[in-house]
Each structure stands twice: as C-alpha cells, then as structure tokens.
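As structure tokens, the structure follows; a few thoughts come after it.
For the single chain, residues carry numbers from 1 onward in sequence order. These values consider heavy atoms only, across backbone and side chains, with no hydrogens, waters or symmetry-generated copies.
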Amino acid sequence: MNQGPALRASASPLFTPTRTDRASRRQARRDLAAARRTARDSSRPVRTRTRREENEELRPVFPAGGRPGTASLRGGKLKLPPHRMTTATASAAYPFLAEGGLGSAGMLIGRDVHAEASFVFDPFALYSRVENFTNPNCLVAGVIGQGKSALAKSIALRSTAFGYRVYVPCDPKGEWTSVAQAVGGTAIALGPGLPGRLNPMDAPAPPAGVDPDSWASEVRKRRLLLLGSLARTVLQRDLLPREYTALDLALDTAAEQAEQQGRVLLLGDVAAVLGQPAVLDAAIGDPSRRVGEAAQDLSHALRRLISGDLAGMFDAPSTAAFDPTSPMLTIDLSRLGSAGDDTGLVLAMTCASAWMESALSDPGGGRRWVIYDEAWRVMRHEALLQRMQSQWKLSRGLGIANMLIIHRLSDLLSAGDAGSRARALAEGLLADCATRVIYRQEADQLAATAGLLGLTGVEMAAIAQLGRGRGLWKVAGRSFVVQHLLHRAELTAFDTDARMHSPARTADASPAL
C-alpha cells in the first residue's frame with residue numbers, strides 16, 4: 001500500500017521535508033547541532049569564576065595545551081649546562097640508595113651488587129670497628145652448586161696473604177687438598193689402606209711461659225674430654241657416673257704404663273685397661289667390683305677405633321708432626337662415611353680436632369680460621385657439637401674465626417627434637433655467628449630461613465632469586481648482596497664440578513677387559 005512520499009523528521013522542533021533544496025537541508029543540520037550544544041551546556045554545573053585580582057597565584061602560568069613554540073620541552077632539545085658536586089653533596093641529594101660497605105681493610109670478596117663497588121671482608125678487622133659485630137664466627141648456607149665452597153676456599157686462600165693460618169679438621173670430600181698445596185700447607189689423608197696416622201693422645205708442646213705441672217694437668221683434662229666424646233658418640237648416650245670414673249682411672253693407668261715403657265700413649269692402651277676390670281677395681285680400691293663392670297661398654301666402644309672399621313688410623317704414633325707455622329692444615333676424610341653412616345666420620349673428626357687443639361688453644365698463635373665444611377653431616381652428634389660450642393665461645397680470646405658450611409638452615413634443626421640439648425647447641429652456634437652468608441634457598445626453605453635469621457620480606461625475595469656466586473651477606477644487622485669473584489687460577493683450583501665437565505668415555509676408548 002502506497003502511503004505517499006516518506007518524510008524525515010527529528011525530535012527537535014526543526015524538520016526538513018524531502019523535497020527541499022541542499023542549502024536548506026545544510027542550514028537545518030547546523031541549527032540542529034547548535035540546539036544540541038545549547039542543551040548540553042545547559043545541563044553542566046555552573047562554574048564560579050574567580051576574579052583575577054583576588055587569586056592571582058592560582059592563575060595557570062601556561063595554557064592547558066602547554067607552552068607553544070620551541071620552548072614546549074616536547075622535542076628533546078633541552079640542553080642544560082653541566083653541574084659538578086662532591087660526593088658529600090651527592091649523598092645528601094640522593095640518600096638511601098645502597099649500603100656504604102664495610103671498609104677497605106681485609107680480603108676482596110667481590111662486587112657489591114647494589115652499590116656497584118668492591119666488597120671487602122675481614123672479621124678480625126671488623127670486630128673492633130663495626131658496631132654490633134660481637135664475634136668473628138661465620139655461617140655459610142646455600143643449595144648445592146651455588147658457590148658456597150668456592151667462597152670458603154677463596155677466603156682461606158686470600159687470608160694467608162694477611163698472615164692468617166687456616167685449619168680444616170674435616171674435609172669429607174677431599175676438595176681442600178689442592179688448596180693447601182697451593183699455599184704450601186699440609187694435607188693429611190686418613191682412611192682404610194692409607195699410610196696416614198694421627199694419635200689423638202699426643203701431648204702437645206707447652207706454650208711459652210706455662211708451668212710444666214699446670215700444662216700436664218691441662219693435657220690430662222683434654223685427653224679425658226676426648227675419651228668421653230668418643231664414647232658418647234659410639235654409645236649414642238650420656239655416660240654414667242661410674243663410666244666417667246672408669247675412664248679417669250684407665251687414662252691414668254695407661255699413661256703411667258706408657259711412661260714407664262718410654263713410649264707415647266695410644267688409644268689402644270686406654271682401651272686395654274678398660275677391658276681389665278680387676279685393674280680398675282684395684283686402682284680405685286673398690287671390693288664390690290662395680291667400676292670394672294661398668295667399664296665394659298666403654299671398652300667395646302673404643303674397640304671400633306682400635307680393631308673396627310677405623311683401625312690403623314688412630315691407634316698408632318702420628319706419621320705427621322703438627323706444624324703450627326704451616327699456612328694451612330687439612331685432614332682429608334673422603335675415604336670415610338661414604339656408606340651413609342657418619343659415625344666413623346664424626347669419630348675421625350673428633351680425633352682430628354683434638355689433635356689440632358694444641359695450636360688452637362695457644363693465644364700467641366696469631367689469627368686463624370677453622371673451617372667446618374659439609375657440617376650438616378655432624379649436626380646429629382651432640383658430643384661433637386659440645387666441642388664446637390666451646391671453640392665458638394673462646395673464639396675472641398684465642399683469635400679464632402670459625403666458619404660453618406651447611407646446605408640449609410633447617411640442617412641446624414635436624415640436630416635434635418625441639419627443646420633437646422643437641423638442638424639448643426646447634427642453634428647456639430648460629431647465634432654466635434655475627435656474619436651470615438646465605439646463597440639461594442629453595443622455596444620450601446624460605447620460611448625456616450627467615451625465622452632463624454629474622455629476614456625481611458625483601459631479603460626473602462632476594463634469596464629465592466639469587467644466581468650462582470651471588471649471596472646475601474648479613475653482617476652485624478647490615479645487609480649486602482655480593483657477587484663473589486674468582487681469579488682464573490682459583491677457578492681451576494676450586495672447581496668442584498670437574499667430573500661433571502669431563503667428557504664421557506666412549507666404547508672405543510674404554511680399556512680392554
């Protein structure tokens with residue numbers, strides 16, 4: 001149905017018929033746009049304009065579109081004259097950017113990542129200069145392959161240039177032998193079938209000016225402590241009062257017999273007396289024979305070092321004399337503890353530590369490092385932890401800096417149950433370390449690490465993303481992220497991944513069977 005021509009209309013009062021000329025339609029569209037603008041402006045809130053003379057300071061300097069012309073700062077052509085200032089002025093103008101470092105006294109460790117400067121460390125120099133630096137002991141923790149062992153070796157190697165001596169009482173992987181040889185030190189390898197021997201009963205030379213009778217009493221006390229530590233490690237329990245008495249009597253009897261025969265005292269001599277109940281009962285004058293009976297477990301405990309798996313290492317005169325002037329002394333125990341049982345390694349480490357005590361306890365021996373590599377293997381043995389705690393407490397008076405190397409901070413918690421004495425001893429070692437170096441930790445270890453060290457959220461995030469050779473240094477409450485740098489010669493000597501990098505042998509290169 002045809003209804004005639006269509007018409008276009010709008011909601012406004014204006015309309016344009018179909019048959020109008022072009023000029024009329026264009027004028028109608030302009031009128032419609034003007035009406036829309038008028039309606040839009042009328043709906044906006046009314047702005048109160050402030051007179052210029054009343055608020056002159058509020059008047060904009062430039063228009064909303066910016067300054068016109070070449071001075072609009074949009075072309076990147078701004079040129080300012082150079083300005084020079086001193087570092088004191090720069091630190092005031094740009095504060096709180098990075099730590100100022102620990103000074104220039106000590107060994108060069110590497111590069112401070114945040115400050116882009118050299119990082120130098122020396123615990124003996126920091127002790128009297130840095131506030132809250134209470135002891136020279138150091139803890140190094142990090143997952144496998146992050147460079148914690150390389151850090152310890154470089155510190156030991158560079159310390160010898162300052163006249164410091166280095167002792168490694170336990171080298172469970174045999175990695176310190178090349179380091180000791182590089183500085184002209186001594187490396188003693190112990191293990192089944194090896195010619196090395198250490199007699200832990202050796203009486204060290206007395207320090208200058210010490211009364212001979214007082215020194216003899218000190219030697220006897222050290223021997224008794226060593227025997228007690230060995231017995232507790234094997235028996236895995238504390239000794240009974242009668243067992244302490246039996247050790248005391250056996251030591252005196254064996255020492256007297258060795259002196260009469262003109263030879264050095266050996267562990268086998270003490271074990272032999274412990275296996276003779278009648279001799280012990282006669283020595284104490286006990287007719288009930290309770291002491292001799294109580295000594296039987298002790299006799300069997302020491303038998304492991306005489307005729308057990310550790311036979312031939314600690315039951316003979318020492319094949320190497322302890323030289324306190326040697327720049328580095330290491331005890332290679334890589335032949336022990338490979339079967340999963342660390343008891344033999346701990347016993348050997350206890351004997352080696354006792355053998356080194358003569359130099360460590362000499363206040364005139366100079367500054368020394370004592371490094372415990374792979375210390376997680378000995379955290380479960382309370383007797384050794386007690387000896388280590390005593391060494392930690394006397395570090396300042398004796399001039400000793402102890403270094404403890406572990407994989408995770410949770411290794412300290414594996415020393416025993418919560419509230420146990422072993423757990424308290426392990427946490428005490430951490431508390432007595434003013435320097436903590438933390439390399440990358442796994443995500444599941446961050447909470448334990450932050451709890452033991454009191455790390456902030458920023459420090460926790462940094463630990464989770466640290467690269468190889470880069471660690472978080474916590475020194476007397478101050479934090480540094482340091483990239484450890486090694487010389488080419490150190491890279492060769494410290495390479496613990498040499499076997500991983502060596503080419504595999506092919507079938508053609510294999511030896512004939």
Practice task
Verify the neighbour count for atom CZ of R237: are there more than 12 heavy atoms of other residues, nucleotides or ligands below 6.0 Å?
Solution key: yes

Practice task
Inspect the contact between D122 and R367 and indicate whether a charged nitrogen and a carboxylate oxygen are less than 4.0 angstrom apart.
Solution key: no

Handout entry: Test log, rule side chain to side chain contact (heavy atoms under 4.5 Å, CB included), inputs L247 and L239
Key = CA-CA 10 Å; L247 276 180; L239 301 184; 3.8 Å; yes

Fill in the blank from the handout: Interatomic distance, CZ@R436 vs SG@C138, rounded to 0.5 Å, equals 10.0 Å

Exercise for the section: Please confirm whether F124 and F162 have ring centers closer than 6.0 angstrom. Expected result: no

Practice task
Look at the aromatic rings of F121 and W473 and report parallel, tilted or perpendicular, splitting at 30° and 60°.
Solution key: perpendicular

Handout entry: Expected output: side-chain E459 to main-chain T456 donor-acceptor under 3.5 Å
Key = yes

Completion exercise
Sorted by chain and number, sequence neighbours left out, side-chain contact (heavy atoms from CB on, under 4.5 Å) with A250 holds for V270, V273, L274, L280

Exercise for the section: For side chain to side chain donor-acceptor pair (under 3.5 Å), just list the numbers for T330 and D171, CA-CA rounded to whole Å, side-chain angles, deciding distance to a tenth of an Å, and then say yes or no. Expected result: CA-CA 7 Å; T330 67; D171 181 11; 5.2 Å; no

Problem - Test item: D315 side-chain N/O and G268 main-chain N/O as donor-acceptor pair under 3.5 Å - result: no

Practice task
Kindly give the heavy-atom pair with the smallest separation between M403 and A152, and that separation in Å.
Solution key: SD-CB, 3.5 Å

Exercise for the section: Report yes if the side chains of V481 and L466 come closer than 4.5 Å at any heavy-atom pair, otherwise no. Expected result: yes

Problem - Main-chain N/O of M201 paired to R223 side chain as donor or acceptor, under 3.5 Å - result: yes

Exercise for the section: Mark yes when over 12 heavy atoms from residues, nucleotides or ligands other than R158 sit less than 6.0 Å from its CZ; otherwise mark no. Expected result: yes

Exercise for the section: Answer whether the closest heavy-atom distance between the side chains of L224 and Y244 falls below 4.5 Å. Expected result: no

Problem - Gap between atom CZ of F480 and atom CG of D112 - 0.5 Å precision - result: 7.0 Å

Exercise for the section: Decide yes or no for V140 and Y439: does some side-chain heavy atom of the first lie under 4.5 Å from some side-chain heavy atom of the second? Expected result: yes

Fill in the blank from the handout: Nearest heavy-atom contact between A489 and H487 is N-ND1, 3.0 Å

Practice task
Ignoring hydrogens and angles, tell me if any N or O in the side chain of R468 forms a donor-acceptor pair with the backbone of G145 under 3.5 Å.
Solution key: yes

Completion exercise
Separation between CG (L126) and CG (N132), nearest 0.5 Å, reads 12.5 Å

Problem - Residues, nucleotides or ligands: over 12 heavy atoms within 6.0 Å of E116 CD - result: yes

Completion exercise
In this structure, CG of L251 is separated from NZ of K221 (nearest 0.5 Å) by 13.5 Å

Completion exercise
Exactly one candidate in V168, N402, I405 meets side-chain contact (heavy atoms from CB on, under 4.5 Å) with Y372; the answer is N402

Donor-acceptor contacts under 3.5 Å from residues 180-195 side chains, at least two apart:
none

Problem - Contact check, side chains of L404 and L430, non-hydrogen atoms, under 4.5 Å - result: no

Exercise for the section: Would you sort out whether L302 and V234 count as a side chain to side chain contact (heavy atoms under 4.5 Å, CB included), showing the intermediate values? Expected result: CA-CA 8 Å; L302 294 182; V234 177; over 6 Å; no

Problem - Nearest atoms (heavy-atom pairs only) where V130 meets A476 - result: CG1-CB, 4.2 Å

Completion exercise
Output for pair (I331 CD1, T177 OG1), nearest 0.5 Å, gives 10.0 Å

Practice task
Report yes if some heavy atom in the side chain of P317 is under 4.5 Å from a heavy atom in the side chain of R197; otherwise report no.
Solution key: no

Problem - Candidate pair L455 and I463, rule side chain to side chain contact (heavy atoms under 4.5 Å, CB included), full reasoning - result: CA-CA 10 Å; L455 302 180; I463 289 176; 3.2 Å; yes

Problem - Contact check, side chains of D332 and W176, non-hydrogen atoms, under 4.5 Å - result: no

Practice task
Taking the side chain as every heavy atom from C-beta outward, state whether Q441 and Q146 have any pair of such atoms under 4.5 Å apart.
Solution key: no

Practice task
Ignoring hydrogens and angles, tell me if any N or O in the side chain of R470 forms a donor-acceptor pair with the backbone of R440 under 3.5 Å.
Solution key: no

Exercise for the section: Only counting residues at least two apart or in another chain, list the ones meeting ring pair (Phe, Tyr, Trp, His ring centres under 6.0 Å) with H484. Expected result: none

Practice task
Report yes or no: does S217 contribute a side-chain atom to a donor-acceptor pair with the main-chain N or O of S214 at less than 3.5 Å?
Solution key: no

Practice task
May I ask you to check whether over 12 heavy atoms, not counting those of E427, lie within 6.0 Å of atom CD?
Solution key: yes

Problem - Side chains of K173 and S334, donor plus acceptor under 3.5 Å - result: no

Handout entry: Separation of R222 CZ from L227 CG (nearest 0.5 Å)
Key = 14.5 Å

Handout entry: L385 side chain near R421 side chain, heavy-atom distance below 4.5 Å
Key = no

Exercise for the section: Using atom types as modelled and distance alone, determine if a side-chain donor or acceptor of N135 lies under 3.5 Å from a backbone N or O of A434. Expected result: yes

Problem - For K474 against G477, the heavy-atom pair lying closest together - result: NZ-O, 4.5 Å

Exercise for the section: Verify side chain to side chain contact (heavy atoms under 4.5 Å, CB included) between F119 and V113, making sure each step is shown before the conclusion. Expected result: CA-CA 9 Å; F119 184 81; V113 175; over 6 Å; no

Fill in the blank from the handout: Between L108 and S118, the two heavy atoms sitting closest are CD1-CB, 3.8 Å

Handout entry: Nearest heavy-atom neighbours spanning L265 and N199
Key = O-ND2, 2.9 Å

